[in-house]
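Okay, structure first, notes after.
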Amino acid sequence: MAEPQNDPKIIGEANLNQPPFYRRIYAIVHDIPKGRVSTYGAVALAAGKRGGARAVGNAMNRNQDTACVPCHRVVKSDGNVGGYYSGTAEKIKRLNDEGLKIKKNGQITDFDSVLFTDFNVISEREISDL
DNA sequence: TGTGTGACAAAGC
DNA sequence: AGCTTTGCCACAC
């Protein structure tokens, strides 16, 4: 029984070669429900890294399996959809398909009510140090 | 080895 | 509202 961050069923087989921190991030993002979104910062925190939002964005950019890791559900903390490897338009389209509505300025409608941060995942003890 | 860059964020002004 | 600085991880020069 593999750990979540090492389980190809969770993070995708193509992502097994990725760095440990990235794999942990993928396992977390995997748990974001359809029709909901989370933020780069929240995922970083769930991974035990406050301020690691940038690293999370980098990990999303290199995601090799969008089926296992729904990276389009990770957005900016201000409610803007943020970037996407194949373009923001594609990201918006995917979110629309899950029932979310995006305003013209890129803001997610009812951002607060679709925001998901309730990760049961872990963290190392660094989190107790904040 | 050092520096810069990137799908970000929070704090300071 | 906008800009700057600092923090984070990994990688390309």
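The sequence lines fix the lettering, A, B, ..., with proteins before strands; numbering per chain opens at 1.
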To the nearest angstrom, the CE-P distance between A/Met60 and C/dC9 comes to 15 Å
Does A/Asp110 use its side chain to pair, donor to acceptor, with the backbone of A/Ser113 at less than 3.5 Å?
no
P atoms of C/dG7 and B/dT1, separation to the nearest Å: 23 Å
Checking N1-N3 plus N6-O4 or O6-N4 for Watson-Crick, or N1-O2 and O6-N3 for wobble, each under 3.5 Å, the partner of B/dG4 is C/dC11
(message) Please give the distance between the P atoms of C/dT6 and B/dA7 as a whole number of Å.
(response) 22 Å
Exercise. Keeping the roles fixed (side chain from A/Gln107, backbone from A/Asp78), state whether a donor-acceptor pair exists under 3.5 Å.
Key: yes
- Query: Does A/Asn80 reach the main-chain N or O of A/Lys76 with its side chain, forming a donor-acceptor pair under 3.5 Å?
  - Reply: no
Between CZ of A/Arg94 and P of B/dA7 the distance, given in whole Å, is 18 Å
Keeping the roles fixed (side chain from A/Lys91, backbone from A/Gly83), state whether a donor-acceptor pair exists under 3.5 Å.
-> yes
When rounded to whole Å, the CG to P distance for the pair A/Asn63 and C/dC9 reads 20 Å
Review point. Between the side chain of A/His72 and the main-chain N/O of A/Leu95, is any donor-acceptor distance below 3.5 Å?
Key: no
Between CD1 of A/Ile102 and P of B/dA7 the distance, given in whole Å, is 19 Å
Contacts of A/Val56 and A/Arg62 projected onto DNA chain C by closest heavy atom; the upstream (5') one is A/Val56
Apply side chain to side chain donor-acceptor pair (under 3.5 Å) to A/Asn6 and A/Arg23, showing your working.
-> CA-CA 7 Å; A/Asn6 295 324; A/Arg23 296 204 307 269; 3.0 Å; yes
Checking C/dC11, B/dA7, C/dC8 against the side chain of A/Tyr85 (C-beta onward), the nearest is B/dA7
note: A/Arg23, atom CZ; C/dC9, atom P; distance rounded to Å ~ 16 Å
On the nucleotide C/dC9, are OP1 or OP2 found under 4.0 Å from the side-chain N or O atoms that A/Lys49 carries? yes
> Would you say the side-chain atoms of A/Ser38 pair up with the backbone N or O of A/Thr117, donor to acceptor, closer than 3.5 Å?
Replying inline: no
Separation of C/dA1 atom C1' from A/Asn105 atom CG, nearest Å, is 14 Å
Going 5' to 3' through nucleotides 8-13 of chain B and flagging B where a protein heavy-atom sits under 4.0 Å of the base, S where only the sugar-phosphate is that close, and - otherwise, we get BSS---
